[in-house]
Student: 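Can you read through this structure? Questions will come right after.
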Amino acid sequence: MFSCRELRAWGVAAAALLTAGAVWAQSTAFPGIGRAATPKEVQAWDIDVRPDFKGLPKGAGSVARGQVVWEAQCASCHGVFGESNEVFSPLVGGTTSADIQTGRVARLRDPSFPGRTTLMKVATVSTLWDYINRAMPWNAPKSLSTDDVYAVTAFLLNLGGVVPDNFTMSDANVAEVQARMPNRNGMTTDHGLWSGRSMGNGGKPDVRATACMTNCATEPKVASYLPDFARNAHGNLSEQQRLVGAQIGADTTRPPGNRVRPTAAAGGAPAPSAAGQAAVALARQHNCLACHGVDNKIVGPGLREVTRKYAGREDALAYLTSKIKAGSAGVWGAIPMPEQTLPDADARAIAKWLTDGARP
């Protein structure tokens, strides 16, 4: 005879075997590949917010709090007032109080208006909330708290005149905010594309095709070429400021193409070293290369340009290490570099690579 304790132990063991068998059965659909995701893993990925606000977590954030977060973590890329800078497109502008009443941005139909901002185009406040939550700030995505995402969204909408200065946005009043989005009525499914007619599949298809597998033509070769005389036909785009946001185009005075780094065997620059590759890997790991090219400017200066600037400075290693950690403003132009969260040892290793010449 078994005791109650032994029976309970057998019951637990049997349940564990059944669970393991279920997981094993799921994983054998593709033998040797993957396993069933755990509930916590699914929860970590399942963070999307739908236009009907399903998935929106509880929380709240004021416009005033959003301004604090914005100036600390968003303004370096998007401008203090959402007007952007020479790299990113403007977020705010082009909407009016009349648009908030009608839900259709009139300037989207005005061919003379020089640009399209985010608030002119986006139809749902869930789109803003979801993108800020999952992707911002650029150098540390998903690092904002739920309340700070509400606050930043409220501040952005305040810049566009959608909500007042003293507004606090929350999961309880987000539907009220949606009812004031300037282009809320600008998105439609009343067309022939999938699924059409407001999701009822009643739209007339835009294309009627008939499958044909006879007398087929040989596969064409597709190529394009922009002649030199046309490349700069309208002047150097990099010197032309757009009227909505300081968007700067490519330097059309220079021919396109990728530069190939010469090898030591060819008598050019030295071949990549282990130390250089390790430093570049660290810079890539901590998203430095999202804003800085090694040889060229992206948002901030090229890394070798930084090397040249501080080449004669005795405290260059300590100075650059502190700047990498604390951020910088006004040294390389109007776009500041925000504070970084990388470990001290990694910051010093990148700074050491810069002071040693940023060699490959």
Side-chain angles (χ1 to χ4, degrees), residues 51 63 66-67 69-71 73-139 152-163 165 177-178 180-188 191 193 226 230-254 256 290-291 296-300 332-336 338:
V63 171
Q67 182 175 3
V69 178
W70 182 276
E71 291 180 353
Q73 305 211 49
C74 312
S76 59
C77 288
H78 297 293
V80 175
F81 302 105
E83 78 284 5
S84 192
N85 51 46
E86 64 184 53
V87 177
F88 298 94
S89 298
L91 302 179
V92 177
T95 60
T96 66
S97 58
D99 298 333
I100 295 174
Q101 296 298 318
T102 63
R104 296 296 296 268
V105 175
R107 282 174 175 161
L108 286 174
R109 297 176 177 272
D110 181 3
S112 66
F113 195 72
R116 300 291 184 266
T117 69
T118 297
L119 285 190
M120 288 175 67
K121 296 180 291 183
V122 69
T124 57
V125 68
S126 61
T127 302
L128 294 176
W129 201 101
D130 183 80
Y131 187 76
I132 294 169
N133 182 50
R134 71 173 61 248
M136 293 290 110
W138 188 8
N139 61 328
V152 169
T153 306
F155 178 70
L156 179 60
L157 294 173
N158 173 257
L159 290 175
V162 178
V163 299
D165 296 345
V177 178
Q178 174 60 39
R180 291 179 56 80
M181 291 294 288
N183 200 42
R184 62 187 178 275
N185 297 323
M187 182 172 64
T188 178
H191 47 63
L193 300 176
L226 182 66
R231 177 173 172 79
N232 200 37
H234 300 285
N236 186 3
L237 295 182
S238 67
E239 296 175 352
Q240 299 174 24
Q241 296 282 344
R242 309 302 195 273
L243 296 181
V244 178
Q247 304 167 63
I248 293 182
D251 185 348
T252 54
T253 63
R254 299 182 181 182
C291 293
N296 60 293
K297 175 181 177 180
I298 302 178
V299 177
W332 296 93
I335 306 175

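Side-chain atoms are counted along with the backbone in the values below, which use heavy atoms only and exclude waters and symmetry mates.
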Student: Got a second to check how far S89's OG is from E83's CD, nearest 0.5 Å?
Tutor: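 CD of E83 is found 12.5 Å from OG of S89.
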Student: Taking all atoms of both residues into account, what is the closest heavy-atom pair of R184 and R180, and its distance?
Tutor: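 Closest approach of R184 to R180: NH1-C, 3.6 Å.
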Student: Run the side chain to side chain contact (heavy atoms under 4.5 Å, CB included) test on R116 and L108 for me, step by step, so that the C-alpha distance in whole Å, both residues' side-chain angles and the decisive distance to 0.1 Å come before the verdict.
Tutor: CA-CA 7 Å; R116 300 291 184 266; L108 286 174; 3.3 Å; yes
Student: Please list, one pair per line, the donor and acceptor atoms closer than 3.5 Å that link side chains of residues 131-138 to other protein atoms, with sequence neighbours excluded.
Tutor:
unit_1	atom_1	unit_2	atom_2	d
R134	NE	D130	OD2	2.8
R134	NH2	D130	OD1	3.2
R134	NH2	D130	OD2	3.4

Student: Test of understanding: with ring-ring contact (aromatic ring centres under 6.0 Å, His included), list the residues that count as partners of W332, not counting sequence neighbours.
Tutor: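 Per chain and number, W332 pairs via ring-ring contact (aromatic ring centres under 6.0 Å, His included) with no residue.
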Student: List in chain and number order the residues that pass side-chain hydrogen bond (donor to acceptor under 3.5 Å, both in side chains) with T102, two or more places apart in sequence or in another chain; answer none if no residue qualifies.
Tutor: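 T102 satisfies side-chain hydrogen bond (donor to acceptor under 3.5 Å, both in side chains) with no other residue.
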Student: Which heavy atom in L119 sits nearest to a heavy atom in L157, and how many Å separate them?
Tutor: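 Where L119 meets L157 most closely, the heavy atoms are CD2-CD2, 4.0 Å.
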Student: Who are the side-chain hydrogen bond (donor to acceptor under 3.5 Å, both in side chains) partners of S112, not counting sequence neighbours?
Tutor: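 Per chain and number, S112 pairs via side-chain hydrogen bond (donor to acceptor under 3.5 Å, both in side chains) with D110.
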Student: Under 3.5 Å, side chain of T117 to main-chain N/O of G93, donor-acceptor pair present?
Tutor: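 Here the side-chain-to-backbone pair exists.
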Student: Using the side-chain contact (heavy atoms from CB on, under 4.5 Å) criterion, which residues pair with L159? Sequence neighbours excluded.
Tutor: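 With neighbours one apart ignored, the set is F81, V92, F155.
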Student: Residues in side-chain hydrogen bond (donor to acceptor under 3.5 Å, both in side chains) with Q178, at least two apart?
Tutor: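 If we apply the side-chain hydrogen bond (donor to acceptor under 3.5 Å, both in side chains) test to Q178, skipping adjacent residues, there are no hits.
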Student: Looking at every non-hydrogen atom in both residues, tell me the closest pair between M120 and V105 and how far apart they are.
Tutor: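 That would be O-CG2, 3.4 Å.
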Student: Take T127 and M181 through the side chain to side chain contact (heavy atoms under 4.5 Å, CB included) test and state the conclusion after the steps.
Tutor: CA-CA 11 Å; T127 302; M181 291 294 288; over 6 Å; no
Student: For the backbone of K121 and the side chain of N183, can you confirm whether one donor and one acceptor N or O come within less than 3.5 Å of each other?
Tutor: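 Confirmed, N183 side chain pairs with K121 backbone.
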Student: Do the non-hydrogen side-chain atoms of P182 and V162 ever get within less than 4.5 Å of each other?
Tutor: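 Heavy-atom side-chain distance check passes, below 4.5 Å.
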Student: Are T124 and M187 packed together at the side-chain level, in the sense that at least one heavy-atom pair is separated by less than 4.5 angstrom?
Tutor: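 Yes - at least one pair of side-chain heavy atoms lies under 4.5 Å apart.
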Student: Classify the side-chain pair D165/N158 by whether it contains a donor and acceptor separated by less than 3.5 Å.
Tutor: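 Yes, a side-chain donor-acceptor pair sits under 3.5 Å.
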Student: If I compare all heavy atoms of D99 with all of A106, which pair ends up nearest, and what's the gap?
Tutor: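 Where D99 meets A106 most closely, the heavy atoms are OD1-N, 3.2 Å.
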Student: Please name the pair of heavy atoms, one in P338 and one in N139, separated by the smallest distance, quoted to 0.1 Å.
Tutor: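 Shortest heavy-atom separation between P338 and N139 comes out as CG-ND2, 4.0 Å.
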